[in-house]
Enquirer: 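Structure provided below as structure tokens; questions to follow.
Order of listing sets the numbers, starting from 1, for every ligand and every atom in it.
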Amino acid sequence: MLLGVNIDHIATLRNARGGVEPDPIKAAAICEHNGASSITVHLREDRRHIKDRDVYTLTNTLTTKLNLEMAMADDIQKIALEIKPYSICLVPEKRQEVTTEGGLDVAGQVDRVTQFIKPLIDAGIFVSLFIDPDKKQVEASKETGAQFIEMHTGAYAEAYGCDETEEVEFQKLKQAAELAQSIGLKVNAGHGLNYENVHRMHEIVGLVELNIGHSIISRAVFTGLPEAVNKMVNLIK
Ligand code: PXP
């Protein structure tokens, strides 16, 4: 199983000061150097974290794969067709949400999704649909021609450790993955995965890649803080 690292939070921190640090491009290189098999960035319609320039630069600097998360927006589709990332992951997007809240309703808009992803597939970009682990959504995803699904693991992550609900949510993921694989879809997973709950992903046979952001960046803050403080203390002594 491979790890894709989502670096949106690095851009959020950079944008808080409007400057250039921390640099998402440098973060991506560090992730790659330490075993990430791909880098995910979500170019949101409101550009609240990752900016167009980040995406263009990553296209030239990454040594692994760029996975571009995007909504069904024509201007973002145009950028994707220009830079041709290794893959795109289609997500629903709401202006006010803090992060991607639910899976894409593919079943409710099969034709629209099919039409939207066709030029991307024709351009040689792998297309993944971010969906809830639900039979209807898996079957609809297959109909669109997408090669991958990314299962939304948020409900499992929230239920983790809860006697009544963890197993229920986990079984939804397992069954959705089995169904998807049986009809020829490749399966990724992500959202809310952390250092405690990630181990159960190994019980799902054949998962290709996990996309993880928040827990990794959060941990990095604390593992990096001692060195950062120490260095400054020594500098000002
Ligand atoms: N996969 C998708 C489609 C997402 O939208 C996100 C969050 O941006 C992730 C994975 C990563 O989720 P988290 O930051 O909770 O690890």
Side-chain angles (χ1 to χ4, degrees), residues 1-13 15 24 27-28 31 36-51 54-55 58 65-73 76 80 85-106 113 116-117 120 125-134 137-138 141 146-160 169 173 176-177 180 185-201 204 207-221:
M1 202 170 355
L2 302 170
L3 171 66
V5 180
N6 181 313
I7 59 166
D8 293 346
H9 282 348
I10 304 287
T12 300
L13 193 55
N15 299 352
C31 295
S37 58
S38 70
I39 300 298
T40 296
V41 291
H42 185 174
L43 188 63
R44 296 187 72 101
E45 289 180 76
D46 62 10
R47 307 298 200 271
R48 72 169 77 142
H49 37 58
I50 292 293
K51 310 281 185 198
D54 298 321
V55 177
L58 285 169
K65 301 172 293 188
L66 176 62
N67 176 42
L68 182 67
E69 255 182 51
M70 55 185 276
M72 278 196 280
I76 316 267
Y86 173 82
S87 58
I88 68 103
C89 180
L90 212 56
V91 297
E93 205 173 289
K94 294 188 212 116
R95 277 289 147 106
Q96 301 310 324
E97 68 188 356
V98 175
T99 180
T100 314
E101 280 168 358
L104 185 69
D105 178 20
V106 182
V113 174
F116 186 84
I117 65 175
L120 299 162
I125 302 165
F126 287 109
V127 171
S128 177
L129 304 178
F130 185 55
I131 57 168
D132 292 330
D134 173 82
Q137 299 296 345
V138 172
S141 298
Q147 302 101 327
F148 282 81
I149 57 164
E150 179 173 327
M151 296 192 299
H152 195 317
T153 49
Y156 157 74
E158 287 222 344
Y160 185 77
E169 295 302 334
L173 293 170
L185 287 164
K186 294 199 175 78
V187 185
N188 296 331
H191 212 286
L193 294 176
N194 61 29
Y195 294 85
E196 278 79 45
N197 64 30
V198 74
H199 68 97
R200 292 206 71 183
M201 293 302 108
I204 304 175
L207 279 187
V208 179
E209 191 167 61
L210 302 179
N211 284 315
I212 306 180
H214 188 83
S215 62
I216 292 177
I217 306 304
S218 301
R219 185 182 172 95
V221 170

Enquirer: Write out the residue and atom name of the closest protein heavy atom to atom 11 (C) of ligand 1, then the distance separating them to 0.1 Å.
Expert: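 Going atom by atom, the protein heavy atom closest to atom 11 (C) of ligand 1 ends up being Asn211 O, 3.7 Å.
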Enquirer: Could you list which atoms of ligand 1 come closer than 4.0 Å to a heavy atom of Val91?
Expert: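 Taking each heavy atom of Val91 in turn, ligand 1 has 3 (C) under 4.0 Å.
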Enquirer: Measure the shortest side-chain to side-chain distance between Met70 and Leu90 over non-hydrogen atoms and say whether it is less than 4.5 angstrom.
Expert: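 In short, these two side chains touch, coming nearer than 4.5 Å.
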Enquirer: To which protein heavy atom is atom 1 (N) of ligand 1 closest, and what is the distance rounded to 0.1 Å?
Expert: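 Answer, as residue, atom name and distance: Glu150 OE2, 2.5 Å.
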Enquirer: Quick one: look up the protein heavy atom nearest atom 16 (O) of ligand 1 and list residue, atom name and how far away it is.
Expert: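 Protein heavy atom at minimum distance: Gly213 N, 2.8 Å.
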Enquirer: Looking at Glu158, I want to see if its CD is surrounded by more than 12 non-hydrogen atoms of other residues, nucleotides or ligands under 6.0 Å.
Expert: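 Count not over threshold, so no.
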Enquirer: Can you tell me the protein heavy atom closest to atom 2 (C) of ligand 1 and the distance?
Expert: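 Its nearest protein heavy-atom neighbour is Glu69 OE2, 3.1 Å.
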Enquirer: Among all protein heavy atoms, pick the one closest to atom 8 (O) of ligand 1 and tell me residue, atom and distance.
Expert: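 Going by distance alone, atom 8 (O) of ligand 1 is nearest to Asn6 ND2, 3.3 Å.
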Enquirer: Can you check whether His42 has an N/O within less than 3.5 Å of an N/O in ligand 1?
Expert: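 In this structure, His42 places no N or O atom under 3.5 Å from an N or O of ligand 1.
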Enquirer: Side chain of Asp8, backbone of His42: donor and acceptor closer than 3.5 Å?
Expert: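 Such a contact is found between Asp8 side chain and His42 backbone.
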Enquirer: Below 4.0 angstrom from a heavy atom of Gly192, which ligand 1 atoms are there? Numbered from 1 as shown, please.
Expert: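 Answer, ordered by atom number: 12 (O), 13 (P), 15 (O), 16 (O).
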Enquirer: I'd like to know whether the aromatic ring centres of His214 and His9 sit less than 6.0 Å apart in this structure.
Expert: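 When the ring centroids of His214 and His9 are compared, they turn out to be within the sub-6.0 Å range.
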Enquirer: Between Glu209 (side chain only) and Asn188 (backbone N and O only), is there a donor and an acceptor less than 3.5 Å apart?
Expert: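 Such a contact is absent between Glu209 side chain and Asn188 backbone.
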Enquirer: Going by heavy-atom distance to atom 12 (O) of ligand 1, choose the closest among His191, Arg44, His214.
Expert: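 Ranked by closest heavy atom to atom 12 (O) of ligand 1, first place is His191.
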Enquirer: Between Tyr160 (side chain only) and Glu196 (backbone N and O only), is there a donor and an acceptor less than 3.5 Å apart?
Expert: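 Pair found, side chain donor or acceptor close to backbone of Glu196.
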Enquirer: Counting distance only, does the side-chain N/O of Tyr156 pair as donor-acceptor with the main-chain N or O of Asn197 below 3.5 Å?
Expert: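 Pair found, side chain donor or acceptor close to backbone of Asn197.
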Enquirer: What atoms in ligand 1 come closer than 4.0 Å to a heavy atom of Ile212?
Expert: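 Those atoms are 16 (O).
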